[in-house]
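Before any comments, here is the structure.
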2 protein chains.
Amino acid sequence: MSQAKYKLIADYIRSQINKRKWLEGFKIPSEMELSELFCASRMTARKAVDLLVHEDLLKRAPSIGTFVNPPRAQSSLLEIKNIKDEIIERGHSHDMVVLSKMTLTPNTKVAFELSAFETKVFKIVILHLENDIPIQLEERYVNAELIPNFLEQDFSHITSSEYLMEVAPLSNAKVMIEAIIPSKILKHHLKLDDNTACLKITRTTFSENVPVSLGYLYYPADKYRVTSQLSVN
Amino acid sequence: MSQAKYKLIADYIRSQINKRKWLEGFKIPSEMELSELFCASRMTARKAVDLLVHEDLLKRAPSIGTFVNPPRAQSSLLEIKNIKDEIIERGHSHDMVVLSKMTLTPNTKVAFELSAFETKVFKIVILHLENDIPIQLEERYVNAELIPNFLEQDFSHITSSEYLMEVAPLSNAKVMIEAIIPSKILKHHLKLDDNTACLKITRTTFSENVPVSLGYLYYPADKYRVTSQLSVN
DNA sequence: AAGTGGTCTAGACCACTTG
DNA sequence: AAGTGGTCTAGACCACTTG
């Protein structure tokens with residue numbers, strides 16, 4: 001299959017950045033230079049740059065040039081996106097390691113959030129890797145009555161979000177973002193040193209206003225941040 | 001001020017959607033029709049559509065047409081609330097201590113965010129107290145050319161947000177949330193112990209798409225977290 | 001004066017879905 | 001066969017910053 005020329009140019013720029021040949025603040029070749037380099041018209045080179053500006057990888061400064069933005073995984077709070085899609089969109093590899101699976105009687109907090117006072121809940125702990133580097137530890141509780149086959153899924157291939165989306169389409173969610181000092185076990189799984197904090201996102205998801213799942217998502221603070229654009233009107 | 005033609009076309013489409021003349025699922029005029037309607041080339045009409053596809057307002061279906069998307073998920077993180085209003089709403093007392101005020105030549109990062117390559121910026125550092133307990137350290141940079149009287153304000157009585165809102169009404173903002181291990185000086189000002197992380201919110205605010213102000217807001221992680229409700233549709 | 005990104009034109013060929 | 005979006009070209013003029 002053949003790629004569009006502007007995608008080839010974008011891939012080239014992306015790879016220079018990923019390979020750290022072009023670092024933060026680097027002024028990339030001008031649109032004219034790119035178009036000559038790839039025997040393309042300026043509009044085509046420009047389209048490649050447009051793509052990466054939209055991905056927040058580059059930033060334009062009119063009359064001056066186009067520059068590499070600071071690196072870092074980013075995520076928009078607004079979108080209900082799972083970590084896998086986010087990683088794939090960045091063109092990186094995504095892998096999962098299932099650390100544990102169990103059925104249990106929920107503690108007060110979990111029971112309250114899931115309105116699971118009468119039923120058991122399933123718990124899974126999954127480590128998500130981006131290019132083989134830990135990026136998220138997912139600790140998830142699911143109402144066992146609502147999603148009876150949850151534990152039988154192969155969570156090294158399908159994400160919990162994907163499976164839940166299939167069986168209980170998401171209608172809304174409640175999100176909380178906190179900063180924490182990582183516990184020993186978190187430091188171990190996320191390979192954190194003593195100088196790195198941890199971002200904790202707690203997300204309760206609802207299907208038709210019934211709480212289905214509660215997830216505690218832990219991220220290494222040096223590799224992950226949440227971003228959001230907002231506008232008045 | 002004159003608008004680019006593609007923006008006019010985009011505004012037209014946006015207004016049709018906002019006025020509910022074009023509803024979810026509606027097939028908008030083809031790129032050829034739009035270009036004829038506005039006496040523009042197809043590439044220009046296409047650029048307008050591109051813009052709205054990126055905003056998630058439209059969706060393309062090759063060979064078929066371009067359609068209006070369902071309304072987007074929304075989040076209360078969107079609310080542009082300042083710390084003072086938040087504290088007052090809780091029925092608590094709010095006080096501010098101005099730690100520093102200065103005029104300086106911006107570093108690369110600040111210059112980028114504020115597009116302040118040619119001008120000086122003002123910097124203020126303010127500690128916000130809720131019931132006499134430190135709740136936010138605000139480090140704010142403001143384009144000195146755009147807001148020339150900024151430093152002369154009495155920031156122990158008016159917040160920077162309130163003043164900025166007066167002189168340069170906010171049109172949109174970019175927000176980033178991170179977790180950090182606090183520096184010594186942060187620990188001191190926020191009275192943090194060694195076991196407490198710090199939530200860092202970076203917010204760039206725009207007035208009519210011109211970046212006006214860049215704020216780094218630091219919160220004690222044990223006293224502050226961000227919450228948000230979001231719903232699909 | 002030379003270089004930059006921002007915008008725009010008037011064409012072109014393509015693969016694909018539809019009547 | 002006619003219509004759609006996807007891609008691409010080889011130009012053009014603009015405002016702006018820089019040497």
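Each chain gets a letter, A, B and so on, in the order its sequence line appears, and its residues count up from 1.
- Within 4.0 Å of A/Met43, counting heavy atoms only, lies at least one base atom of the nucleic acid.
- If you measure from atom CD1 of A/Ile28 to atom C1' of C/dG5, you get 11 Å, rounded to the nearest angstrom.
- A salt bridge does not link B/Asp50 with B/Lys47: none of the charged nitrogens is closer than 4.0 Å to a carboxylate oxygen.
- Looking at heavy-atom distances under 4.0 Å, B/Lys7 makes contact with sugar-phosphate atoms alone, never a base.
- Between the CG atom of A/Asp50 and the P atom of D/dT7 there is a distance of 13 Å, given to the nearest Å.
- Atom CG of B/Leu104 sits in a crowded spot, with more than 12 heavy atoms from other residues, nucleotides or ligands closer than 6.0 Å.
- When both distances must be under 3.5 Å, the Watson-Crick or G-U wobble mate of D/dC16 is C/dG3.
- With C/dG5, D/dC8, D/dT4 as the choices, the nucleotide that has an atom nearest any side-chain atom of A/Pro62 turns out to be C/dG5.
- Taking side-chain N and O atoms only, B/Ser63 has no distance below 4.0 Å to OP1 or OP2 of D/dG5.
- Counting non-hydrogen atoms under 4.0 angstrom, B/Phe117 reaches nothing in the nucleic acid.
- When the side-chain nitrogen and oxygen atoms of A/Arg46 are compared with OP1 and OP2 of C/dG6, one or more of them lie within a distance under 4.0 Å.
- Considering only side-chain atoms of B/Ser41, the nucleotide from C/dG6, C/dC8, C/dT4 that sits closest is C/dC8.
- A salt bridge between A/Glu31 and A/Arg60 is present, with a side-chain N of the basic residue lying under 4.0 Å from a carboxylate O of the acidic one.
- Taking a cutoff of 4.0 Å between a charged side-chain nitrogen and a carboxylate oxygen, A/Lys223 and A/Glu130 do not qualify as a salt bridge.
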